[in-house]
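Numbered from 1 within each chain, the chains take letters A, B, ... in sequence-line order.
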Amino acid sequence: MKIATWNVNSLRVRLPHLLDWLTAVQPDVVGLQELKCVDEKFPFDELQAMGYYSVANGQKTYNGVAILARHPIEDVSRDIPGFEDEQKRVIAGTVNGVRMINVYVVNGQDLGTDKYAYKLRWLTALTAYVAEEMKKYPKLVVVGDFNIAPTGEDTHDPAIWEGKILCSEPERAALRGLIDLGLKDSFRLFDQPPGSFTWWDYRMAGFRRNLGLRIDHVLASHPLADVCRSCAADLAPRRLERPSDHAPVVAEFEL
DNA sequence: ATGGTCGTTATACGA
């Protein structure tokens, strides 16, 4: 079972890349983020024609998440239950007995801003939600754009990023708190080449110079981590014309 | 220190 996550940064613009990538990679379940697309305009028909069921939680201009799967998506849940939030950042569903919680974590802008405070509050609410879900679903993945690089190794230059947004200690502590519920960072279950990232700023030729961060993750519960066979970023779509600024991450599980 | 580049029912703002 191939489980993937991809911040597409506008589903409308990236739909041709997405359809080509689904054909090439054949993932079984995919979490998408930053759709910037209302549900009324979600391309359900094109995806169905490719053999994918889809469920979405979209909004205009900003945010928006979806799950695609080759099998029916059951027990779909949108947002974080009990957490007041205008922004559409979470969708969950169950496919073949595997629970996927797909998240687009708040970016946070800069330390000390209202958006940063919102990010930390949001992560506290997410952690409580995932804790509840883990009681119900032993086989669970939390995937998405976490907007957090777990360690210096997940940045092109730890000194530059030290204490900055996406790398600050409170953000990293929040991610560790989520993982400490009983999850594994699938990517780090395997030897990886240094300089492995999932996001590169459009500015300053970030991708060409590999000035990236690893901020997109597949976190797997222990029963799934035990059967994880690979996890890697797929840089091919990032090399195309008019790419998303994020690469997809694909993890394979023997199920 | 600054700005740079994308996307958006845009023309300022979020990332």
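- Across dT5(B) and dA10(B), the matching P atoms stand 22 Å from one another, rounded to whole Å.
- Comparing dA1(B) with dG7(B), their P atoms are spaced 30 Å from each other, to the whole Å.
- Of the C1' atoms belonging to dG4(B) and dG14(B), the separation is 16 Å, rounded to the nearest Å.
- The same atom, C1', is picked in dT9(B) and in dC13(B); the two are 16 Å apart, to the nearest Å.
- Salt-bridge annotation for Arg176(A) and Glu169(A): present, with a side-chain N of the basic residue lying under 4.0 Å from a carboxylate O of the acidic one.
- Applying the ring-ring contact (aromatic ring centres under 6.0 Å, His included) test to Tyr104(A) and every residue at least two apart in sequence or in another chain returns nothing.
- Rounded to the nearest Å, the gap between the P atom of dT8(B) and that of dG3(B) is 25 Å.
- In this view, Asp226(A) satisfies the side-chain contact (heavy atoms from CB on, under 4.5 Å) rule with no residue, not counting sequence neighbours.
- The list of ring pair (Phe, Tyr, Trp, His ring centres under 6.0 Å) pairs with a residue in residues 43-66 of chain A, not counting sequence neighbours, reads Phe42(A)-Phe44(A).
- Here the separation of dA15(B) from dT11(B), taken at their P atoms, is 16 Å to the nearest Å.
- Residues passing the salt bridge (Lys or Arg N to Asp or Glu O under 4.0 Å) test with Lys88(A) are Asp79(A), sequence neighbours excluded.
- What separates CD of Gln59(A) from P of dG7(B) is a distance of 18 Å, to the nearest Å.
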- Could you write nucleotides 8-15 of chain B as a row of B, S and -, 5' to 3', where a protein heavy atom under 4.0 Å of any base atom gives B, of only sugar-phosphate atoms gives S, and otherwise -? SB----SB
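- In this structure, the salt bridge (Lys or Arg N to Asp or Glu O under 4.0 Å) partners of Arg229(A), at least two apart in sequence or on a different chain, are Glu254(A).
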